[in-house]
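Heads up: the structure comes next, in C-alpha cells.
When a ligand or atom number is given, it counts from 1 through the structure's own listing order. Numbering of residues begins at 1 and proceeds along the displayed sequence.
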Amino acid sequence: MANELITKLNAKIEGAEQALKTARNEAEIEAVRVEILGRNGFIHSISAEMKNIPPQEKPEFGKAFNLAKNKIESLLVEAKENLKAGSAKKSEGLIDVTLPGRKWPLGTKHPISKVIDDCVAIFRRMGFIVAEGPEIETVYHNFDALNTPADHPSRDPQDTFYFGDGRLLRTQTSTVQIRYMEKNQPPVRIVSPGRCYRRDTPDATHSMNFHQIEGLYIDKNVSMADLKSTLLYFGKELMGSETQLRLRPHFFPFTEPSVECDFSCIMCGGKGCRVCKFSGWLEIAGAGMVNPNVLRNVGFNPEDWSGYAFGMGIERIAMIRYKINDIRLLYENDMRFLEQF
Ligand code: PHE
C-alpha cells in the first residue's frame, strides 16, 4: 500500500521537475506549484490517503512524503532563480553590436543664411566690414536722412508699416548707411545684411518681410568705375567667372546717378531662358553714387568725400541660386524643403 503511494508520489515529483525545467515564465512555474502544493493539489490529496496506510508502513511513507515535499519546494525556488538568470542572459544575447549606430539628424543652414554668409564672405575679402542696424527704425533714418522727398510714394502707409509714433519697420537696409556714418568718420567700407519689411501682398515673388544686403563705400575720389568693378567681382565670385555685369540708369533719392545692376543669367549664361524671362539678364541690385545731400545729412563734406552704395535682395539671389520658384517656401519651415540645403 505504502510502496504504491510512494511510487505515485515520486512519479509526480519527477514530472513536476521536468515541467519546471522547461518553464518559460513565472506563470508556468506557478501552475506547477498550484498543481502540487495548492489547496486542492497533489500533496493535499495524497496526505488524505494517509489514513488508509497500515500503521507499520506509516513511518516509511511519512519519510518519503516529507522528502518529496521538501524537494518540490526547493525545485520551485530553483526554477524561479533560473528564470531570472536566463532572462538576463537572453537580453545580453539580444544586443547586436554589429548594428549601425543611431543617426543624429544633422541640421543645415537656412538658404537665406547661406546666401547672406556667402555674400558677406566675398565683400570681406574686398575689405568691407559688417555693420548692423535696428529693424524698428525712425522715419528720419528710413526716409528723411536718405534724401527721400516728403511725397515719395515709398513713404505711403500702403507700402510701409508705421507704428504711429514716428517709428516704422525699416523698408530697406539703407538705414544702416545713415546709422553707421552718424557714428563713424570716413573712409567707410561696410556691408549690412538684414531683415526689411514692406506692406506687399504675399505671392510667389513678394513677402512682407525679406532680406537685403547693403553696401556703402566712402573715400576720396570714389568713382562709378569703382562701383562697377566691385559689383562685377562680387558677381563673378558668387555666380561664376563667366558672369557679366550690366548697369541701367535708374532713380533712387539717396544716390545720384543711380543704376540698376543686372548680372548675366546664371542658368543660360545670357542666351535666354525661363529664369531670366528670355532676356539673358537677372536684375540683382540697386546702386549709385551716394547723393551729396546724404553725406551732408551725416556731416560729411561732399567736397572732400564721395562714395557709392548698393543694395540687393537676398531672397532673389537664393531663389535663382537654388531654383526656388516661390518665395513663401523660404518662410514655411517645412523640413522636407529645408533638408535639401
Ligand atoms: N534701398 C534700395 C532698395 O531697397 C536699394 C539701393 C541701395 C539702391 C543702395 C541704391 C543704393 O530698393
Side-chain angles (χ1 to χ4, degrees), residues 112 115-116 119-120 123 128 130-135 137-149 152-156 158-161 168-181 188-200 205-219 222-224 226-232 234-235 245-263 282-295 297-298 300 302 305-317 327:
I112 292 195
V115 171
I116 289 177
C119 292
V120 166
F123 286 114
F128 288 78
V130 174
E132 285 184 320
E135 291 170 24
E137 262 296 3
T138 62
V139 173
Y140 176 77
H141 287 91
N142 199 85
F143 293 123
D144 301 332
L146 286 163
N147 197 41
T148 312
H152 194 273
S154 66
R155 291 191 184 238
D156 197 312
Q158 295 260 24
D159 297 312
T160 302
F161 291 104
L168 45 68
L169 289 174
R170 70 175 177 194
T171 61
Q172 51 191 359
T173 44
S174 303
T175 54
V176 188
Q177 293 186 32
I178 304 301
R179 291 215 169 253
Y180 190 84
M181 289 191 287
V188 172
R189 283 157 202 199
I190 56 160
V191 283
S192 29
R195 211 181 264 272
C196 303
Y197 303 83
R198 279 181 207 178
R199 227 179 168 123
D200 278 322
T205 54
H206 293 86
S207 166
M208 285 190 282
N209 75 82
F210 55 95
H211 298 73
Q212 287 187 334
I213 183 163
E214 189 86 6
L216 176 68
Y217 189 109
I218 309 276
D219 209 328
V222 181
S223 74
M224 201 82 180
D226 298 317
L227 169 64
K228 199 172 175 183
S229 61
T230 303
L231 287 175
L232 181 58
F234 167 78
L245 173 69
R246 176 175 86 170
L247 302 182
R248 282 179 291 114
H250 198 71
F251 174 80
F252 296 105
F254 33 90
T255 47
E256 181 59 36
S258 302
V259 289
E260 275 197 316
C261 312
D262 302 339
F263 288 109
L282 299 166
E283 186 191 315
I284 299 286
M289 303 309 292
V290 177
N291 192 305
N293 288 339
V294 173
L295 295 176
N297 287 340
V298 294
F300 290 10
W305 304 100
S306 57
Y308 61 74
F310 56 85
M312 44 201 154
I314 299 293
E315 278 79 356
R316 174 138 171 87
I317 297 175
I327 196 171

If you measure every N/O of Thr255 against every N/O of ligand 1, is any gap under 3.5 Å?
->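 So ligand 1 has no N or O lying under 3.5 Å from an N or O of Thr255.
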
Under 3.5 Å, N or O to N or O, is Gln172 touching ligand 1 that way?
->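 So ligand 1 has an N or O lying under 3.5 Å from an N or O of Gln172.
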
Could you tell me whether ligand 1 has any atom less than 4.0 Å away from a heavy atom of Tyr308?
->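 No, that is not the case, since the closest heavy atom of the residue is not under 4.0 Å from the ligand.
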
If you look at every heavy atom in Asp159 and Pro153, which pair is closest and at what distance?
->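 The pair with the smallest heavy-atom distance is OD2-O, 3.2 Å.
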
Write down the atom of Phe263, the atom of Gly235, and the distance for their closest heavy-atom approach.
->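 In this case the closest contact between Phe263 and Gly235 is CE2-CA, 3.5 Å.
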
So which of Met289, Gln212, His250, Glu214 gets nearest to atom 3 (C) of ligand 1, if we judge by its closest heavy atom?
->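 Nearest option to atom 3 (C) of ligand 1, by heavy atoms: Gln212.
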
Considering only heavy atoms, which of Phe252, Phe254, Phe310, Phe251 lies nearest to atom 12 (O) of ligand 1?
->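 Answer by nearest heavy atom: Phe252.
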
With heavy atoms under 4.0 Å as the rule, classify the contact between Glu260 and ligand 1 as side chain, backbone, both or neither.
->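 Under 4.0 Å from ligand 1, Glu260 contributes no heavy atoms.
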
With a 4.0 Å heavy-atom cut-off (strictly under), which part of Ala287 contacts ligand 1: side chain, backbone, both or neither?
->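 Backbone only.
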
Go through ligand 1 atom by atom and flag the ones less than 4.0 Å from a non-hydrogen atom of Gly311.
->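 Counting atoms of ligand 1 from 1, those under 4.0 Å from Gly311 are 6 (C), 7 (C), 9 (C).
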
Kindly indicate, with the supporting measurements, whether the criterion side-chain contact (heavy atoms from CB on, under 4.5 Å) is fulfilled by Thr171 and Cys196.
-> CA-CA 5 Å; Thr171 61; Cys196 303; 5.9 Å; no

Do Arg189 and Asp219 sit within salt-bridge range, that is, some charged N less than 4.0 Å from a carboxylate O?
->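 Salt bridge: yes.
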
